[in-house]
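Structure, as structure tokens:
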There are 2 protein chains.
Amino acid sequence: MSLAQLEYFVAVAEEEHVGRAALRLHISQPPLSRHIRRLEEELGAPLFERTPRGMRLLPTGERFLTHARRVLAAVDEARRCLEPEPPPDAPSAT
Amino acid sequence: MSLAQLEYFVAVAEEEHVGRAALRLHISQPPLSRHIRRLEEELGAPLFERTPRGMRLLPTGERFLTHARRVLAAVDEARRCLEPEPPPDAPSAT
DNA sequence: GCGATCCCATACCGTTTCGGTATGGGGCGG
DNA sequence: CCGCCCCATACCGAAACGGTATGGGATCGC
């Protein structure tokens, strides 16, 4: 499991469509399909139901989505905690 | 930034020693040094102080360590949320 | 029913990343 | 001065990634 795979999974879950998710992620569709499939294999459980109209989250996928977002949020916080502090004379309120 | 890098960072931070951390992670020392350095480059800030005895966390590294552990914990939870439930007749107490 | 269309999945290829071995450079202790 | 213990760099083969081309299945219009 990689952070990229989690981002990919979230995008597909939200779009319910591999093609649109690929556009949003700026990669092409086949690698994205592969990542999703490999993630499912690694987790040992399918996350999506493949329908003629696209992808729909299974209950397992719904649960995983919550945790995936939590991971990505934690990564964002980790990045932010290192950002240089804004200048003392904050332009926001003063 | 990758999950592997976060694991590597935590191990080096805990061991304060690249060589021991490498043993613990079952990889060799040079790739581990590279990962740490590349993580620092990506974050734009050094995380460790290099001493003749090993590596010591800088204040920035201490802050980042907290967040790195949070990310890895969230990943663990994500994995766990998919595990098959234990059988109803729990063997723990019977 | 047939062809066009829209999905996702697979095959193949070039590039990049990763991990391992060998080696360099610097500080500390005998 | 010499050996030892650190981390850093150089180089190489293996694995993973992303892109293009293509296949297989289902739906819609005719």
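This is a predicted model, so every value here is computed, not measured. Reminder, nothing fancy here: chain letters follow the sequence lines and each chain counts from 1.
Between B:Gln29 and A:Gln5, the residue anchored closer to the 5' end of DNA chain D is B:Gln29, taking for each the nucleotide with the nearest heavy atom. Two residues, A:Arg34 and B:Arg53, neighbour DNA chain C, and the one matched to the more 5' nucleotide by heavy-atom proximity is A:Arg34. Of the two residues near DNA chain D, A:Arg38 and B:Pro52, the one whose nearest nucleotide lies more 5' is B:Pro52.
At the phosphate of C:dA9, OP1 or OP2 sits under 4.0 Å from a side-chain N or O atom of A:Arg37. In this structure, A:Tyr8 does not reach the D:dC17 phosphate: none of its side-chain N or O atoms is under 4.0 Å from OP1 or OP2. Within the structure, every side-chain polar atom (N or O) of A:Arg50 is placed at least 4.0 Å from both OP1 and OP2 of C:dC7. The phosphate of D:dC7 (OP1 or OP2) has no side-chain N or O of B:Ser33 nearer than 4.0 angstrom. Taking 4.0 angstrom as the limit, A:His35 places a side-chain polar atom (N or O) nearer than this to OP1 or OP2 of D:dG18.
Salt-bridge check for A:Glu40 with A:Arg50: passed, with a basic side-chain N closer than 4.0 Å to an acidic carboxylate O.
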Next item on the list: Using the ring pair (Phe, Tyr, Trp, His ring centres under 6.0 Å) rule, take B:Phe9 and B:Phe48 through it: C-alpha gap first, then chi angles, then the decisive distance, then the call.
Entry: CA-CA 10 Å; B:Phe9 165 71; B:Phe48 291 100; 5.5 Å; yes
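Residue A:Ile27 has its side chain nearest to D:dG19 when only D:dC7, D:dT9, D:dG19 are considered.
We find the CZ-CG distance between A:Arg63 and A:Leu47 to be 10.0 Å, quoted to the nearest 0.5 Å.
Side chain to side chain, B:Gln29 and B:Ser33 meet the donor-acceptor criterion of an N or O pair below 3.5 Å.
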